[in-house]
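In what follows, residues are counted from 1 in the order of the sequence shown.
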Amino acid sequence: MSVNYGSKRVVTGAHYGLRDWLAQRITGALFALLTLIVLAKVLLTSGPLGYEGWAGIFAPQWMKALTFAVFIAIAYHIWIGMRDIWMDYVKPTGIRLALHIFTIVWLVACLGWAVQVLWRL
């Protein structure tokens, strides 16, 4: 008979904790950076801000690249949150797998749409 006494603890699970916590903070910082840049550009623009003004804000290539990087960060941020929700609250493995696949397909489709919007493909 094997008895397991002492401070050794058996941990189960996916072990995503610190990595996901850090990823959520880094992606959140990217969101804040883009928000501050867009806010500064909007506040420094004189006159009414119509379609041409908004298009002008996102016209430079560096702004398109930063915006797309933020879209990727948003997708990853959403993936972490949704994956955790599915793992915590959906117990049947088949349904959970289907929801994971649906979430991934949806996020990839959203990124494809973001490419079309930013670069007008």
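For Trp79 and Thr103, the side-chain atoms include no donor-acceptor pair closer than 3.5 Å.
Of the inter-residue distances, the one linking Lys41 atom NZ with Leu44 atom CG reads 9.0 Å to the nearest 0.5 angstrom. Expressed to the nearest 0.5 Å, how far CD1 of Ile37 lies from CG of Leu33 amounts to 4.0 Å. The CD1 atom of Ile104 lies 11.0 Å from the CG atom of Leu99; values are rounded to the nearest 0.5 Å. Distance check: Ile72 CD1 to Thr67 OG1 gives 11.5 Å after rounding to the nearest 0.5 Å. For the atom pair CZ of Arg83 and CE of Met87, the computed distance is 4.5 Å after rounding to the nearest 0.5 Å. Of the inter-residue distances, the one linking Leu30 atom CG with Leu66 atom CG reads 7.5 Å to the nearest 0.5 angstrom.
Across every non-hydrogen atom of Ile80 and Ala23, the tightest pair is CD1-CB, 3.6 Å. Closest non-hydrogen pair, Ala114 versus Phe71, comes out as CB-CD1, 3.2 Å. Contact between Ala75 and Leu111 at its shortest, heavy atoms only, is CB-CD1, 4.0 Å. When all heavy atoms are compared, the tightest approach of Gly56 to Pro60 is O-CD, 3.5 Å. Annotation for Leu118 and Lys64: closest pair O-CE, 3.3 Å, computed over non-hydrogen atoms.
Val70 and Leu36 are members of different hydrophobic clusters when ILVMFWY side chains are connected at heavy-atom separations under 4.5 Å. Note on Ile74 and Leu39: separate hydrophobic clusters, where clusters join Ile, Leu, Val, Met, Phe, Trp and Tyr whose side-chain heavy atoms are under 4.5 Å apart, directly or indirectly. Tracing side-chain contacts under 4.5 Å through hydrophobic residues (I, L, V, M, F, W, Y), one never reaches Leu49 starting from Leu43; they form parts of separate clusters. Tyr51 and Val38 end up in different hydrophobic clusters when Ile, Leu, Val, Met, Phe, Trp and Tyr side chains are linked at under 4.5 Å. Under the 4.5 Å side-chain heavy-atom criterion for ILVMFWY residues, no single connected hydrophobic cluster contains both Val105 and Val115.
Within 6.0 Å of atom CZ in Phe102, 12 or fewer heavy atoms from other residues, nucleotides or ligands are found, so the atom counts as exposed in its surroundings.
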Report task. Test Leu34 against Met63 for side chain to side chain contact (heavy atoms under 4.5 Å, CB included), laying out the working first. Result -> CA-CA 9 Å; Leu34 182 67; Met63 189 63 174; 3.7 Å; yes
Query - Check against side chain to side chain contact (heavy atoms under 4.5 Å, CB included), Trp106 and Ile78 - result: CA-CA 11 Å; Trp106 178 70; Ile78 292 169; 4.2 Å; yes
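The main-chain N or O of Trp86 is never found under 3.5 Å from a side-chain atom of Arg96 such that the two would form a donor-acceptor pair.
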